[in-house]
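Reviewing the structure listed below.
Values in this document were obtained by computation on a predicted structure and should not be read as measured data.
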Amino acid sequence: MTMAATAREAALTALEKWRKNGAWSDAALASVIAKAQLDARDAALASRICYGTLQNLALLDFYIAAFSTTPPQKLEPKVLDLLRISAYQILLMDKVPPSAAVNEAVALCKRSGCVRASGLVNAVLRRITERRDSLPEIPRKGTAEYLATKYSHPLWLVQEWAAAHGYAFAEAALRADNAPAPVCIQTNTLKTDVKTLQSSLQGQGFAVRTQDRLPDALVCGGGNLAASDAFRDGWFYIQDAAAKLAVLAADPQPGMRVLDACAAPGGKSFSAAVQMQGRGSILSCDIHENKLKRVRESAQRLGISILETAAMDARTPLGSLRESADVVLADVPCSGLGVIRKKPEIRYKDPVELENLPEIQSAILSGLAGCVKPGGVLLYSTCTVRKRENEDVVRAFLSGRPEFAPEPFSAAGVDAPDGMCTLWPHLHDTDGFFICKLRKRV
């Protein structure tokens, strides 16, 4: 496609980048919006359309199929993308006039080189508009298939959650995945306090509220936080409450030595530094050196001087790190199914690609075990809610490591009497997240 000129064209271009290249939607959108030089209002509209469409693909395809003489799977992919973003505007956006969505879709169809499909696009969208208050019902209500269509999640994942937690729980979790995700920021108390930060952001027009669980956290809406004076001055860093809770559970203290073994983009390292009041040492590692540059730049902005970085595969730690750390943070690679509401395309991952994750996670946990001092803490965490990547990995590790034991913890209103807890968006208003605190015997 040529360079996007409107919000809808930007959304369509970003969606096409995701479909063709597997690009992350946020990165694709940022690139398209920057090239198109969209103003803040159009950028917000493009983002809403792109994310909303990704969140509702199966549902939109169900309605498109109901009103199109050509099945969705037989439509030209670009035409189907266009129908999807337009149906989303008509059916799921209150402030977009349906006529505007239809007319822009037809015009965009022609500009995109799909002139022959413009009649079909016009007909399908007008039928959807006419029936928007009397849409066909999704079949098989009360089944996993119904939920998979209504909330546009893969059937295998819906079945997994329903089997593990029950139908009502699964539906609540799916609904939360399609709700707007809050942007949570953490106050850098090495430089300021939460009231001063809140006042600064509100003074620049940002909508800000306190976070219920964390007294030094704020939830923000609207605007580019990275353009704020407070960001430039290092007064905060972006981090979800769940990740902050993991560091609170690990409880690093001033003067300790901390190893953050899978650190990028650095949020847990920064939280540890703040909790340690800037005293002690933190080694932030990642397997990719290029990711560590961002960690160092952020640490400099935040005024964190106790942090160093090193490229390292956490499965085979540096020999010099043996029994060196009071706290080891292992936020391991995972399926990411706990952050679907922030990255909607994660739900469309091929489950086959996820099969080997527990093996990698187990290897990291085993590798890092030797880095913990006697009496120290090994904190295992993921941003997924799958038992096979969480409890199963920990229990397999403990079966061969008698020197480690789960340690109960309580942090910011979350209790883990057996040393493990799973956070869910619809229950805790955080990312989906797993935290396990392990203590090494002296």
message: Can you tell me how the ring of Phe270 sits relative to the ring of Tyr237, calling it parallel under 30°, perpendicular over 60° and tilted otherwise?
response: perpendicular

- request: Check salt bridge (Lys or Arg N to Asp or Glu O under 4.0 Å) between Lys244 and all other residues, then give those that pass, not counting sequence neighbours.
  value: none

Euclidean distance, Gln239 CD relative to Ile185 CD1, rounded to 0.5 Å: 11.5 Å

Contact list for residues 391-417, test salt bridge (charged side-chain N to carboxylate O under 4.0 Å, His left out), sequence neighbours left out: Lys387-Asp392, Arg401-Glu403, Glu407-Lys437, Glu407-Arg439

- line: The salt bridge (Lys or Arg N to Asp or Glu O under 4.0 Å) partners of Arg213 (sequence neighbours excluded) come to none

message: Show me the pairs that pass side chain to side chain donor-acceptor pair (under 3.5 Å) and involve residues 306-318, at least two apart or across chains.
response: Arg296-Thr309, Asp313-Arg315

query: What residues form a salt bridge (Lys or Arg N to Asp or Glu O under 4.0 Å) with Arg41, not counting sequence neighbours?
result: none

query: So which pairs with a foot in residues 253-275 pass salt bridge (charged side-chain N to carboxylate O under 4.0 Å, His left out), sequence neighbours left out?
result: Lys268-Asp331

- prompt: Charged N to carboxylate O under 4.0 angstrom, Asp81 versus Arg84?
  reply: yes

field: Of all pairs that satisfy salt bridge (charged side-chain N to carboxylate O under 4.0 Å, His left out), the ones with a partner from residues 174-198, not counting sequence neighbours
entry: Glu171-Arg175

query: So Ser200 and Asp229, side chain to side chain donor-acceptor pair (under 3.5 Å) or not? Walk me through it.
result: CA-CA 8 Å; Ser200 174; Asp229 292 342; 5.8 Å; no

field: The single option from Ile304, Val258, Leu259, Leu307 passing side-chain contact (heavy atoms from CB on, under 4.5 Å) against Ser284
entry: Leu307

Pairs of donor and acceptor atoms involving the side chains of residues 420-427, under 3.5 Å and at least two apart or interchain, shall be tabulated with distances.
none

query: Does anything in residues 418-428 pair up under salt bridge (charged side-chain N to carboxylate O under 4.0 Å, His left out), and if so which pairs, sequence neighbours excluded?
result: none

Do any side-chain atoms of residues 355-367 form donor-acceptor pairs under 3.5 angstrom with protein atoms, and if so which ones, sequence neighbours left out?
unit_1 : atom_1 : unit_2 : atom_2 : d
Gln361 : NE2    : Pro333 : O      : 3.0
Gln361 : NE2    : Glu389 : OE1    : 2.9
Ser362 : OG     : Pro358 : O      : 2.8
Ser366 : OG     : Ser362 : O      : 3.1

query: Looking at side-chain heavy atoms only, is the closest gap between Ile435 and Val414 below 4.5 Å?
result: no

message: How long is the straight-line distance from OG of Ser228 back to CZ of Phe236, given to the nearest 0.5 Å?
response: 4.0 Å

- prompt: What residues, two or more places apart in sequence or in another chain, satisfy salt bridge (Lys or Arg N to Asp or Glu O under 4.0 Å) together with Lys440?
  reply: Glu323

field: ring-ring contact (aromatic ring centres under 6.0 Å, His included) partners for Tyr63, two or more places apart
entry: none

query: Should Arg301 and Asn188 be marked as a side chain to side chain donor-acceptor pair (under 3.5 Å) after you check the CA-CA gap, both sets of side-chain angles, and the distance that decides it?
result: CA-CA 11 Å; Arg301 178 180 63 84; Asn188 178 11; over 6 Å; no

- request: Kindly compute the distance separating CD (Gln73) from CG (Asp61), expressed to the nearest 0.5 Å.
  value: 8.5 Å

